[in-house]
Peer 1: 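I have a structure here, written as structure tokens, and I will follow up with some questions on it.
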Amino acid sequence: MTNGRQEMDVPYANVNDQRLYYEDTGGRGPVIVFSHGLLLDGTMFSPQVAAFRDRYRCITWDERGHGKTATDVLPAFSYYDSANDLAALLSYLDVDSAILVGVSQGAFLGMRCALTHPERVRALVLIATQAGTDEPATLAGYRALLEAWIAGGLPEDIAVTIEFILFGPDWPGATAWKEKWRAMNEANLRSAFAALAHRDDISDRIPAIRVPTLVIHGDVDAAIPLARAQAMKAAIPGAEMIVAAGGHSVNMTNPGPVNAALDDFLDRHQLTS
């Protein structure tokens with residue numbers, strides 16, 4: 001029992017005026033918390049949880065507006081709010097500090113958690129992300145996709161475009177995600193997009209990150225150019241980087257090299273106990 005409830009029976013954390021859904025493998029190993037990307041949820045880390053759960057306590061969670069945390073109404077929020085959600089989730093689960101693995105949006109909030117709650121972070125793994133902001137033309141394109149999605153109930157041509165951005169072409173797992181996207185409501189879509197569009201540039205702040213950091217980026221990432229990830233890696237003291245074959249959600253579409261890189265990183269930095 002923790003905080004008067006069985007974690008596995010009631011996988012919701014009531015923190016920060018949120019009801020955050022999470023899954024926790026339990027165990028006595030080091031804690032890895034996985035934070036998902038925009039329009040996805042904690043299940044995107046199924047290949048990593050399967051690979052690491054025997055040696056690590058693996059926690060996934062659904063962020064504001066996503067998955068089983070989604071609500072009918074979602075006020076505006078920032079990735080600092082999401083970083084606070086993550087820190088509060090760790091407190092709720094009686095975890096002092098954790099290895100944070102994030103993809104895209106999940107890494108945006110992971111870096112901000114490392115900056116605002118450094119005592120909570122043992123190491124960072126930053127997948128398919130950047131420290132800066134998107135170009136105005138990129139945001140305009142995303143905004144047009146969003147409005148077409150809301151107006152038309154996610155027409156197939158819009159779904160295919162989003163599929164390409166997130167997964168690349170012809171990934172067989174995309175069909176299930178399209179069904180999840182069609183279930184997302186306007187309030188969650190608008191607030192989640194606003195958090196993305198209005199995030200701040202933290203390029204000048206990330207040199208303050210002092211924990212072991214691994215950057216992983218797909219070589220054909222259609223959402224964030226490789227050069228942005230390389231600049232982020234250069235700004236974080238001692239950060240390491242690998243480039244894997246794949247697109248934006250490379251941990252799903254090509255989990256083998258991602259898992260191998262993560263395993264090697266954790267071992268070399270003695271994060272196995």
Side-chain angles (χ1 to χ4, degrees), residues 15-20 35-42 44 61-67 69-89 100 102-118 120-121 124 126-151 154 158 161-162 165-166 180-181 184-209 215 217 221-225 227-229 231-232 235-236 248-249:
V15 298
N16 291 356
D17 296 322
Q18 305 297 311
R19 188 168 183 260
L20 302 177
S35 301
H36 63 78
L38 183 71
L39 304 181
L40 303 173
D41 59 41
M44 76 172 297
W61 63 298
D62 293 349
E63 298 151 30
R64 297 188 189 201
H66 293 79
T69 294
T71 52
D72 292 336
V73 177
L74 181 61
F77 70 96
S78 73
Y79 292 133
Y80 292 100
D81 294 319
S82 298
N84 291 338
D85 290 346
L86 176 52
L89 177 61
L100 305 187
V103 172
S104 193
Q105 169 181 277
F108 296 157
L109 74 89
M111 284 187 282
R112 286 162 176 79
C113 190
L115 291 169
T116 58
H117 303 277
R120 292 294 194 182
V121 183
L124 280 175
L126 307 173
I127 304 172
T129 197
Q130 61 177 323
T133 56
D134 297 300
E135 296 292 337
T138 299
L139 289 176
Y142 290 163
R143 188 171 289 106
L145 287 174
L146 176 69
E147 295 303 334
W149 177 341
I150 291 170
L154 191 60
I158 302 301
T161 299
I162 296 168
I165 293 170
L166 292 183
K180 289 187 178 186
W181 296 339
M184 293 184 74
N185 69 25
E186 180 177 350
N188 291 312
L189 288 170
R190 289 197 181 280
S191 290
F193 174 76
L196 175 80
H198 299 303
R199 73 183 188 276
D200 58 332
D201 186 336
I202 58 172
S203 299
D204 62 345
R205 297 186 63 196
I206 58 174
I209 294 174
V215 176
H217 211 79
D221 190 323
I224 296 177
R228 296 287 188 94
M232 179 181 66
I236 299 174
H248 192 57
S249 302

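Values below: every heavy atom of this structure, side chains too, minus hydrogens, waters and symmetry copies.
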Peer 1: Which pairs count as salt bridge (charged side-chain N to carboxylate O under 4.0 Å, His left out) when at least one residue sits in residues 72-85, sequence neighbours excluded?
Peer 2: Arg64-Asp85
Peer 1: Which side-chain hydrogen bond (donor to acceptor under 3.5 Å, both in side chains) pairs, counting each pair once, include a residue from residues 139-151, with sequence neighbours left out?
Peer 2: Glu147-Arg190
Peer 1: Do the side chain of Glu63 and the main chain of His36 share a donor and acceptor less than 3.5 angstrom apart?
Peer 2: yes
Peer 1: Please check this pair: side chain of Ser82 against backbone of Leu109, looking for a donor-acceptor N/O pair closer than 3.5 Å.
Peer 2: no
Peer 1: List the atom of Ala131, the atom of Ile206, and the distance in Å for their closest heavy-atom pair.
Peer 2: CB-CD1, 3.7 Å
Peer 1: Once side chain to side chain contact (heavy atoms under 4.5 Å, CB included) is applied, do any residues pair with Asp201, and if so which ones, sequence neighbours excluded?
Peer 2: Thr133, Ser203
Peer 1: Less than 4.5 Å apart, any side-chain heavy atom of Leu40 and any of Val103?
Peer 2: no
Peer 1: Could you tell me the separation between the CE atom of Met232 and the NE2 atom of His217, rounded to the nearest 0.5 Å?
Peer 2: 8.0 Å
Peer 1: Would you name the heavy atoms of Ile224 and Thr129 that are closest together and state the gap between them?
Peer 2: CD1-CA, 3.6 Å
Peer 1: Give the table of side-chain donor-acceptor pairs shorter than 3.5 Å for residues 110-118, with sequence neighbours excluded, one pair per line with atom names and distance.
Peer 2:
unit_1: Arg112; atom_1: NE; unit_2: Asp200; atom_2: OD1; d: 3.4
unit_1: Arg112; atom_1: NH1; unit_2: Phe108; atom_2: O; d: 3.0
unit_1: Arg112; atom_1: NH2; unit_2: Asp200; atom_2: O; d: 2.8
unit_1: Arg112; atom_1: NH2; unit_2: Asp200; atom_2: OD1; d: 2.9
unit_1: Thr116; atom_1: OG1; unit_2: Arg112; atom_2: O; d: 2.7
unit_1: His117; atom_1: NE2; unit_2: Asn84; atom_2: OD1; d: 2.7

Peer 1: Distance from Leu145 atom CG to Phe193 atom CZ, nearest 0.5 Å?
Peer 2: 9.0 Å
Peer 1: With a 4.5 Å heavy-atom cut-off, do Leu39 and Trp181 have their side chains touching?
Peer 2: yes
Peer 1: Find out whether Leu86 and Leu100 are in side-chain contact, i.e. whether some heavy atom of one side chain is under 4.5 Å from a heavy atom of the other.
Peer 2: yes
Peer 1: Please check this pair: side chain of Asn16 against backbone of Gln18, looking for a donor-acceptor N/O pair closer than 3.5 Å.
Peer 2: no
Peer 1: Is there side-chain contact between Ile162 and Leu154, with heavy atoms separated by less than 4.5 Å?
Peer 2: yes
Peer 1: Distance check, rounded to the nearest 0.5 Å: His66 atom NE2 versus Leu20 atom CG?
Peer 2: 13.0 Å
Peer 1: If you compare all heavy atoms of Pro75 against all heavy atoms of Ser191, which two are closest, and at what distance to 0.1 Å?
Peer 2: O-OG, 3.7 Å
Peer 1: Once you round to the nearest 0.5 Å, how far does CG of Leu166 lie from CE of Met44?
Peer 2: 8.5 Å
Peer 1: If the condition is salt bridge (Lys or Arg N to Asp or Glu O under 4.0 Å), which residues does Asp62 pass it with, not counting sequence neighbours?
Peer 2: none
Peer 1: Testing the basics here: between Ala192 and Tyr79, what is the closest heavy-atom pair and its distance to 0.1 Å?
Peer 2: O-OH, 4.3 Å
Peer 1: Please list, chain by chain and in numerical order, all residues satisfying side chain to side chain donor-acceptor pair (under 3.5 Å) with His248, sequence neighbours excluded.
Peer 2: Ser104, Asp221
Peer 1: Output, in order, the C-alpha distance, side-chain angles, deciding distance and verdict of side chain to side chain contact (heavy atoms under 4.5 Å, CB included) for Ile236 and Leu124.
Peer 2: CA-CA 11 Å; Ile236 299 174; Leu124 280 175; 5.6 Å; no
Peer 1: Take Asn185 and Leu74 through the side chain to side chain contact (heavy atoms under 4.5 Å, CB included) test and state the conclusion after the steps.
Peer 2: CA-CA 10 Å; Asn185 69 25; Leu74 181 61; over 6 Å; no
